[in-house]
Participant: 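Have a look at the structure that comes next, please.
Count residues from 1 along the sequence. The structure displayed is predicted, hence computed values, not measured ones.
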Amino acid sequence: MLKRLFDIVLSIFLMLALVPVIVSVAVVIWAQMGRPVFFVQKRPGMNGSPFMMIKFRTMKNAVDDAGTALPDSARLTQLGRFLRNTSLDELPELWNVLKGDMSLVGPRPLLMQYIPLYNSEQMRRHEVRPGITGWAQVNGRNAICWEEKFVLDLWYVDNNNLCLDLKILFLSVMKVLRMSDISAKGMDTMPAFTGSEEKKQ
């Protein structure tokens, strides 16, 4: 209950304080990429229950001759790269926090199609609300592999408390200011999760 109250109070404060930034980012996206300004996608929440996560759009709608979306690296715009590097694309998720779909701190909500690929231990990451930032994000973010991320996510599930959340929020701000660990080595985004070796065997 204390964590949820903390999420509500801080998300309201941040949304109000960042109104000029949020509006400015929305206007720039609309001017450079057109509509939609927001990227909305179904993601698994607490206990795997789906919700619609909202972010600022960072990619253009580019397709090949067959109508298939081009790779992320080809669709990610210069503006989108800046928004990701500064984590400004995550600001609309404060609305998800206020609604109760997410928490400020928790394992990042991944894709719905990853759920069947998890082993039983990895599924435990859904025992808490997903977060805008988390223990994995301040300990490597996208510069570490999926297996390492899941280990860090599960450590958070087993050890989360308000003091730890405050520490993670502080470290997250430092990460954003330094713009570190934004993407996997040699890639613009994180490669897709294809399942752990244990699951594949």
Participant: Heavy-atom count around Phe6 CZ within 6.0 Å, excluding the residue itself: above 12?
Facilitator: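 More than 12 heavy atoms, drawn from other residues, nucleotides or ligands, come within 6.0 Å of this atom.
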Participant: Relative to the ring of Tyr118, is the ring of Phe193 parallel (under 30°), tilted (30 to 60°) or perpendicular (over 60°)?
Facilitator: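 Ring orientation, 0 to 90° scale: tilted.
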Participant: Output the distance between atom CG (Leu14) and atom CG (Leu104), rounded to the nearest 0.5 Å.
Facilitator: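 One gets 7.0 Å once the value is rounded to the nearest 0.5 Å.
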Participant: Can you check side-chain contact (heavy atoms from CB on, under 4.5 Å) on Glu90 and Lys55, steps first, answer last?
Facilitator: CA-CA 5 Å; Glu90 309 281 359; Lys55 299 175 66 173; 3.7 Å; yes
Participant: What do you reckon, is CD of Gln113 surrounded by more than 12 foreign heavy atoms closer than 6.0 Å?
Facilitator: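 More than 12 within 6.0 Å, yes.
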Participant: For a quick test of reading the model, state the closest non-hydrogen atom pair linking Pro44 to Pro130 and the distance between them.
Facilitator: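 In terms of heavy atoms, the two residues are closest at O-CG, 4.1 Å.
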Participant: Can you tell me if CH2 on Trp30 sees more than 12 non-hydrogen neighbours from other groups inside 6.0 Å?
Facilitator: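 Atom CH2 in Trp30 is not crowded, with 12 or fewer foreign heavy atoms closer than 6.0 Å.
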Participant: Pairing donors with acceptors under 3.5 angstrom, does anything connect the side chains of Tyr156 and Asp165?
Facilitator: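 Note: Tyr156 and Asp165 side chains meet the donor-acceptor criterion.
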Participant: Write down the atom of Ile22, the atom of Phe56, and the distance for their closest heavy-atom approach.
Facilitator: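 Smallest heavy-atom distance, with atoms named: O-CZ, 3.5 Å.
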Participant: Testing the basics here: between Ala136 and Ile144, what is the closest heavy-atom pair and its distance to 0.1 Å?
Facilitator: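 So the minimum-distance heavy-atom pair works out to O-CD1, 4.2 Å.
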Participant: Between CG of Leu94 and OG of Ser11, what distance do you get to the nearest 0.5 Å?
Facilitator: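 Leu94 atom CG to Ser11 atom OG measures 6.5 Å (nearest 0.5 Å).
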Participant: Atom CZ of residue position Phe38 - does it have more than 12 heavy atoms of other residues, nucleotides or ligands inside 6.0 Å?
Facilitator: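 It does: Phe38 CZ has more than 12 such atoms within range.
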Participant: Please report the C-alpha distance between Thr58 and Thr77 in whole Å, then the side-chain angles of each, then the deciding distance to 0.1 Å, and finally whether the side-chain contact (heavy atoms from CB on, under 4.5 Å) criterion is met.
Facilitator: CA-CA 6 Å; Thr58 58; Thr77 65; 5.7 Å; no
Participant: Under the side-chain contact (heavy atoms from CB on, under 4.5 Å) criterion, do His126 and Asn47 qualify, and how do the steps go?
Facilitator: CA-CA 5 Å; His126 295 294; Asn47 299 318; 5.7 Å; no
Participant: Which distance, rounded to the nearest 0.5 Å, do you find between the CG of Leu171 and the CD of Gln137?
Facilitator: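 Output value for this atom pair is 12.0 Å.
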Participant: Can you check whether Trp146 and Tyr114 have ring centres sitting under 6.0 Å from each other?
Facilitator: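 Close enough - the centres of the two rings lie under 6.0 Å apart.
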Participant: Between Lys3 and Val105, is there a donor-acceptor pair closer than 3.5 Å when you use the side chain of the first and the backbone of the second?
Facilitator: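 Pair found, side chain donor or acceptor close to backbone of Val105.
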Participant: Between the side chains of Lys99 and Glu93, is the shortest nitrogen-to-carboxylate-oxygen separation below 4.0 Å, so that they form an ion pair?
Facilitator: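 No salt bridge links Glu93 with Lys99.
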Participant: How long is the straight-line distance from CE of Met174 back to CG of Leu169, given to the nearest 0.5 Å?
Facilitator: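 Nearest 0.5 Å value for the CG-CE distance: 11.5 Å.
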Participant: With a 4.0 Å cut-off, would you call Arg124 and Asp158 a salt bridge?
Facilitator: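 Asp158 and Arg124: salt-bridged.
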Participant: Going through the checks in order, is the side-chain contact (heavy atoms from CB on, under 4.5 Å) test met by Met102 and Arg129?
Facilitator: CA-CA 5 Å; Met102 295 177 63; Arg129 282 189 180 90; 5.7 Å; no
Participant: Could you give me the CA-CA distance, side-chain angles and deciding distance for Asp101 and Arg43, then say whether salt bridge (Lys or Arg N to Asp or Glu O under 4.0 Å) is met?
Facilitator: CA-CA 10 Å; Asp101 299 324; Arg43 297 288 179 97; over 6 Å; no
Participant: Of the non-hydrogen atoms in Asn96 and Ile54, which two are nearest, and what is the gap between them?
Facilitator: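 Smallest heavy-atom distance, with atoms named: OD1-N, 3.1 Å.
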Participant: Spell out, as yes or no, whether a donor-acceptor pair under 3.5 Å connects the side chain of Ser24 to the backbone of Pro20.
Facilitator: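 Between the backbone of Pro20 and the side chain of Ser24 there is a qualifying donor-acceptor contact (under 3.5 Å).
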Participant: Taking Arg57 for its side chain and Gly80 for its backbone only, find out whether a donor-acceptor pair lies under 3.5 Å.
Facilitator: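 Between the backbone of Gly80 and the side chain of Arg57 there is no qualifying donor-acceptor contact (under 3.5 Å).
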Participant: Indicate whether any N or O donor in one side chain lies under 3.5 Å from an N or O acceptor in the other, for Ser103 and Asp7.
Facilitator: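 A donor-acceptor contact under 3.5 Å links the two side chains.
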Participant: Sub-3.5 Å donor-acceptor pair from the side chain of Glu148 to the main-chain atoms of Cys145, do we have one?
Facilitator: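 Yes; judged by distance alone, with no hydrogens or angles, the pair exists.
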Participant: Looking at every heavy atom in both Val176 and Thr86, which two are closest together, and how far apart are they?
Facilitator: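 Scanning both residues completely, I find the closest heavy atoms to be CG1-O, 3.3 Å.
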Participant: Please report the shortest heavy-atom distance between Gln122 and Glu147, naming the atom on each side.
Facilitator: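 For Gln122 and Glu147, the tightest heavy-atom pair comes out as NE2-OE1, 3.5 Å.
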